[in-house]
2 protein chains.
Amino acid sequence: MRVSQNGGAARDPDAVARFVEEFALLLNESGIPRMPARTLAALMVDDRGRLTAAQLAEQLGVSPAAISGAVRYLMQVQLIVRKREPGDKRDHYSLLDDPWYEAIMSRDKELVRWQSMLEEGARAAGVDTSAGRRLSQARRFFAFVHAELPGLMDRWRAQEQRG
Amino acid sequence: MRVSQNGGAARDPDAVARFVEEFALLLNESGIPRMPARTLAALMVDDRGRLTAAQLAEQLGVSPAAISGAVRYLMQVQLIVRKREPGDKRDHYSLLDDPWYEAIMSRDKELVRWQSMLEEGARAAGVDTSAGRRLSQARRFFAFVHAELPGLMDRWRAQEQRG
DNA sequence: TTCTAACTTCACAACTTTGTGAAACCAGTG
DNA sequence: CACTGGTTTCACAAAGTTGTGAAGTTAGAA
């Protein structure tokens, strides 16, 4: 009976289930709705990073309907994909190949919306006002981050290849 | 009557109010609760970046109780500060000097929590498992971003001084 | 000290989100 | 085509969030 000395290769199901719920809370705090967050966390702890809807429902202890809504959201924000093998009746939901890269890029696309809204806000407040200048600076900040992202990801990749 | 040709210094109150609500929705999508998001947006469009609780309540059309809860949250996550002048009965709530810098740093502190949780998750899944390795990589990713932040902020500052 | 402006806390109604079970739909198999 | 496994949609109850009004607390001024 493997109790808690999980220093090796063995998976500790209780600890894993706990991690899923706790990590899902973090994801939820970042704006991902509850069920999608739990679903994403469940995929992350799966060895192949892919599960069927029925497996997700079983592992998370929820109904198939809840999974249906969750995966719809995660596909919409491009954090997972749906696949089906020929001859198989079941959908498989998978993490992307480089999930964090995709998550960052997906969030970056979202920040384009922020930028245009900040531009509108600056105009509304008056471009020569202090508030207008503050909003313009915020816009420039996000544009700056946007420009820095490719380099950042390149450096990340280089580091991972090296280590 | 200034209608909509807001190309100059003049503030368009209707457009500003609209911006506040729309920008607050974006902030809310990022995980900031509704009322704190609206409150932060209201501070951002104020010329001095500071307002009293009563002013916030008036501008957002809500009760003082709602402002009380909102500013408590924003102070807790270190997005605003409370100040009071000697002899004044009123609290003033202010944006920080460099709000986006502070927001990023505040979020970075939060990501330390993510890192330790991912480490636990990797251990729970088994360090030699595919899932364990995926979670470890995620942890390394956040550590990498953490290490890159000072450089990023330096470059941002340099760009703003230059231009 | 009294007065009261300014803000906070509390109980709770209203609204939103969440996830269910049942029904409906889709698609693979024989 | 019929059958049914697998998933989605829908109506809705339950749980959670939000913001209010009233009461309570704090602190500045006289």
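So that the names make sense, note that chain A is the first sequence line, chain B the second, and so on, each numbered from 1.
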Go along nucleotides 23-30 of chain D 5' to 3' and tag each nucleotide: B for a protein heavy atom under 4.0 Å from its base, S when only backbone or sugar atoms are that close, - otherwise.
----SBS-
Residues touching DNA chain C, which here means a heavy atom under 4.0 Å, drawn from residues 56-69 of chain B:
B:Pro64, B:Ala65, B:Ser68
Tell me, please, which residues at least two apart from A:Arg38 pass salt bridge (Lys or Arg N to Asp or Glu O under 4.0 Å).
A:Glu21
For B:Arg90, all residues meeting side-chain hydrogen bond (donor to acceptor under 3.5 Å, both in side chains), sequence neighbours excluded:
B:Asp88
I would like to know whether A:Glu102 and A:Arg107 meet salt bridge (Lys or Arg N to Asp or Glu O under 4.0 Å); could you show each step before the answer?
CA-CA 8 Å; A:Glu102 299 294 342; A:Arg107 176 57 67 92; over 6 Å; no
Please determine whether a side-chain nitrogen of the Lys or Arg among A:Arg123 and A:Glu120 lies less than 4.0 Å from a carboxylate oxygen of the Asp or Glu.
no
Pairing residues for A:Tyr73 by the ring-ring contact (aromatic ring centres under 6.0 Å, His included) criterion, not counting sequence neighbours
none
Taking only heavy atoms on the protein side, list every residue of residues 17-40 of chain A lying under 4.0 Å from any atom of DNA chain D, sorted numerically.
none
Heavy-atom pair with the smallest gap, counting every atom of B:Pro33 and B:Asn28
C-ND2, 3.6 Å
Using a heavy-atom cut-off of 4.0 Å to chain A, what are the terminal contacting nucleotides of DNA chain C, in 5' to 3' order?
C:dT18 to C:dT29
Should we say atom CZ of A:Arg157 is surrounded by more than 12 heavy atoms from elsewhere, each under 6.0 Å from it?
yes
Results of side-chain hydrogen bond (donor to acceptor under 3.5 Å, both in side chains) for B:Gln55 - residues two or more places apart only:
B:Thr52
Under 4.5 Å side-chain heavy-atom separation, chaining through any Ile, Leu, Val, Met, Phe, Trp or Tyr, what else clusters with A:Leu25? Say none if it is isolated.
none
Would you kindly give the CE-to-C1' distance between A:Met75 and D:dT8, to the nearest whole Å?
11 Å
As a check on the pairing definition, encode DNA chain D in dot-bracket form, counting Watson-Crick and G-U wobble pairs whose two distances are under 3.5 Å, and using | for partners outside this strand.
||||||||||||||||||||||||||||||
State, yes or no, whether a side-chain contact exists between B:Met153 and B:Met105 at a heavy-atom distance under 4.5 Å.
yes
Joint cluster assignment, B:Leu26 & B:Leu95, ILVMFWY side-chain distance < 4.5 Å
yes
According to side-chain hydrogen bond (donor to acceptor under 3.5 Å, both in side chains), does anything in residues 143-156 of chain B pair up with another residue at least two apart or in another chain? List the pairs.
A:Glu148-B:Arg155, A:Arg155-B:Glu148, B:Asp108-B:His146
Residues at least two apart in sequence or cross-chain that pass side-chain hydrogen bond (donor to acceptor under 3.5 Å, both in side chains) with B:Arg140, listed by chain then number, are A:Glu160
State, to 0.1 Å, how close A:Leu60 and A:Ala42 come at their nearest heavy-atom pair, and which atoms those are.
CD2-CB, 4.0 Å
Closest non-hydrogen contact found for B:Pro36 with B:Ile32 is CB-CG2, 3.9 Å
